[in-house]
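The block underneath contains the structure these notes are about, expressed in structure tokens.
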Amino acid sequence: MMKRSDQLLDGKDGQKSSGVLLPYSERSQAADALNAGPADPEATMTVTVLLRRPAIKHLLESGNHLSREAFARSYGAKAEDIKRVETFADEHHLIVKEVNVAAGTVILSGKTAAFNETFGVHLQKYKHPHFTYHSHSEPIRIPETIAEVIENVFGLDNRPQAKTHFQIRRNIDGAVQSRQTSKSFTPPQVAQLYRFPEDSQASSQCIGIIELGGGYQSDELKNYFAELNRAMPAVVEVPVNGAGNQPTGDPNGPDGEVVLDIEVAGAVAPGAKIAVYFASNTDAGFLNAINKAVHDSVNKPSVISISWGSAESSWTQQAMKAMDRAFQDARVLGVTICSAAGDRGSADGVDDGLAHVDFPASSPNMLACGGTRLEGSGSVITNETVWNDGPDSSTGGGISQYFDLPDWQKASQVPPSANPGAKIGRGVPDVSGNADPETGYQILVDGQQTVIGGTSAVAPLWAGLIALMNHKQGHSVGFLNPTLYSSAARSALRDITQGNNDSSREANAYNARPGWDACTGLGSPDGTNLSGIFQ
């Protein structure tokens, strides 16, 4: 809850500012970022405000699904609250650019100076060796007149928030490895090894894919699916707050992520529509993309794949809480969300000697997808172990420092965190699939026929399987986790018992073991058996 504050000296010009303090909203700046002075007061920017909404906890507990229309009517932001925000915006020289009633978000547009005055901050420009951004160090203050309506504010800091979780297979000299010199598979071959239902279609389904940069080329996708002898899926671009399909021409950048996601999901779930939600790589952009996909009443994705993320320690509590609210909405709507667990071992790429898990995979409302090394031929798996090629090329996994252990995981002997304090928290991942770049997926991106691995491939792989299941059942299976962790699902998951996700610090490694573990979760899928469980 917000705490009311007394009037405080502004500190910059001596004027007083007042308002309701937004807890934990001050920001520390990125390492190696230098303050380049005040942000341009005349520059136009956007900010997303999160509004209060009716509680949905009872819906989560019931497990019943609502239509998107029914959810918006009964649990979206109230019309009077939106009207108050519109009036507030006009009074502060801001423009309401977009309203998502169901999600309870309003995107405001205006000049930097107006946002500084409205929210009691002094936005500064920061230069990092790899990017430039604006941010603030003081806490955000919500004007008294609107404080009871607004729960959070995003976009006053626009630093890059998430990283891709894919890896292109390379030779020792660093060159991209050709398909001919690897033990790789096409996506349909991986699906066959995992016994996805044969001759299945997903023509009644839409798979949503979240992307925070890059793009795809339609002609290239057509060539790829023709090579696989598969029909080209219907791929639609869904812009989010001005972002869109913008291929860079570099397969090593976000294009590699975008194309990997589309080609894997489309190849393993024939007939499915693919809706790609493009947003800016900021916490506000990520949040808006999730809400756009979850509450999309036009494309209506039944499953969403997310291959972007970063260590929990790089997120604010407000951002994780706001995004988790969107993930809870998805559960109520019967939408499954699959998220990559990360590609840099138990440290998740953070060099502080501690173990870290990746968010949004660590959300307890998410199907978190870890990585394996898969070997086999045809429909026979000859070996499958934890993917671990070193600290910067191995599956993420571990124990959340932010989210508590969910009820459905309590019988799985989730260990305490390897960190000091040994927190008992949400265990990551839930499931796994082929992710080692050495045994990765044959992909065509930016003119290169290459092999890509990473847990980024596992999220769309599982999304494709769920789309097949949804089509077969004639309804969405929704939030799978409670069923997956029950004894009924044992025959539907291949337990991975060899390997670890050591990040070169032995104390931070988690080892594979019988049952659930913090490397590959419950294991990789037996698609036919899994589909049978939900009939």
Side-chain angles (χ1 to χ4, degrees), residues 1-5 17-28 45-57 75-78 81-82 84-86 88-89 92 94 96-110 114-121 123 133-159 161-162 240-241 279-292 294-295 310 312 314-330 359-360 362-363 365 402-403:
M1 298 292 292
M2 295 183 186
K3 297 179 180 179
R4 296 199 173 273
S5 61
S17 64
S18 64
V20 176
L21 184 91
L22 190 59
Y24 309 110
S25 58
E26 53 268 78
R27 297 299 304 264
S28 57
M45 55 182 285
T46 62
V47 164
T48 299
V49 295
L50 187 69
L51 309 186
R52 65 183 180 183
R53 293 184 321 183
I56 63 170
K57 183 178 179 181
Y75 298 96
K78 298 303 181 184
D81 285 350
I82 295 172
R84 287 179 64 180
V85 172
E86 291 172 342
F88 155 82
H92 289 80
L94 303 173
V96 174
K97 186 177 180 181
E98 183 178 324
V99 177
N100 188 327
V101 174
T105 57
V106 178
I107 299 178
L108 302 175
S109 176
F115 283 113
N116 278 337
E117 181 179 355
T118 301
F119 294 112
V121 295
L123 293 178
Y133 68 101
H134 61 245
S135 185
H136 57 94
S137 57
E138 59 275 289
I140 296 169
R141 296 180 180 277
I142 311 297
E144 295 272 358
T145 57
I146 201 71
E148 64 179 353
V149 172
I150 295 179
E151 288 190 357
N152 246 308
V153 178
F154 301 98
L156 293 172
D157 182 302
N158 72 338
R159 76 187 73 185
Q161 180 60 61
V240 179
N241 193 24
S280 59
N281 187 7
T282 64
D283 58 4
F286 209 157
L287 174 64
N288 288 326
I290 296 294
N291 277 319
K292 189 88 164 182
V294 168
H295 295 287
S310 56
E312 285 182 332
S314 71
W315 292 83
T316 65
Q317 291 187 28
Q318 296 97 320
M320 287 193 286
K321 182 178 179 181
M323 289 183 67
D324 193 54
R325 185 173 104 164
F327 303 147
Q328 292 176 39
D329 291 358
F359 180 83
S362 65
S363 163
N365 298 294
Y402 179 78
F403 295 101

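Positions are given from 1 along the sequence.
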Subject >> Sole candidate of Arg27, His134, Met45 that passes side chain to side chain contact (heavy atoms under 4.5 Å, CB included) when paired with Leu156 >> reply: Met45
**OP:** For Asn116, enumerate each residue passing the side-chain contact (heavy atoms from CB on, under 4.5 Å) test, keeping only those at least two apart in sequence or located in another chain.
**Re:** Thr112, Val121, Leu123
**OP:** Using side-chain contact (heavy atoms from CB on, under 4.5 Å) as the criterion, list what pairs up with Thr118, not counting sequence neighbours.
**Re:**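 So Thr118 forms a side-chain contact (heavy atoms from CB on, under 4.5 Å) with Phe88, His92, Leu94, Pro143.
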Original post:
Ser135 and Arg159: which non-hydrogen atoms are nearest, and at how many Å?
Top reply: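 Closest heavy-atom pair between Ser135 and Arg159: OG-NH2, 3.7 Å.
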**OP:** May I have the step-by-step check of side chain to side chain contact (heavy atoms under 4.5 Å, CB included) for Val20 and Arg141, ending in yes or no?
**Re:** CA-CA 5 Å; Val20 176; Arg141 296 180 180 277; over 6 Å; no
[X] versus [Y]: any side-chain heavy-atom pair under 4.5 Å?
{"X": "Thr48", "Y": "Val106", "result": "no"}
{"X": "Val47", "Y": "Phe154", "result": "no"}
{"X": "Gln317", "Y": "Tyr402", "result": "yes"}

**OP:** Please determine if Arg325 and Glu151 form a salt bridge, counting it only when a charged side-chain N lies under 4.0 Å from a carboxylate O.
**Re:**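 Glu151 and Arg325: salt-bridged.
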**OP:** Could you tell me whether Glu117 atom CD has more than 12 heavy atoms of other residues or ligands within 6.0 Å of it?
**Re:**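 Counting other residues, nucleotides and ligands, CD of Glu117 stays at 12 neighbours or fewer.
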No-hydrogen, no-angle side-chain donor-acceptor test under 3.5 Å, [X] and [Y]:
{"X": "Thr46", "Y": "Asn241", "answer": "yes"}
{"X": "Asp324", "Y": "Ser363", "answer": "yes"}
{"X": "Asp157", "Y": "His136", "answer": "no"}
{"X": "Ser137", "Y": "Glu26", "answer": "no"}

**OP:** Indicate the ring-plane relationship of Trp315 and Phe286, choosing parallel, tilted or perpendicular according to the 30° and 60° boundaries.
**Re:** tilted
**OP:** With side chain to side chain contact (heavy atoms under 4.5 Å, CB included) as the test, would you mind laying out the steps for Tyr75 and Arg53 before giving the verdict?
**Re:** CA-CA 6 Å; Tyr75 298 96; Arg53 293 184 321 183; 5.9 Å; no
Original post:
For Tyr133, what residues pass the ring pair (Phe, Tyr, Trp, His ring centres under 6.0 Å) criterion, not counting sequence neighbours?
Top reply: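 Ring pair (Phe, Tyr, Trp, His ring centres under 6.0 Å) check on Tyr133 returns Tyr126, Phe131.
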Subject >> Derivation and outcome, side chain to side chain contact (heavy atoms under 4.5 Å, CB included), residues Ile150 and Leu50 >> reply: CA-CA 6 Å; Ile150 295 179; Leu50 187 69; over 6 Å; no
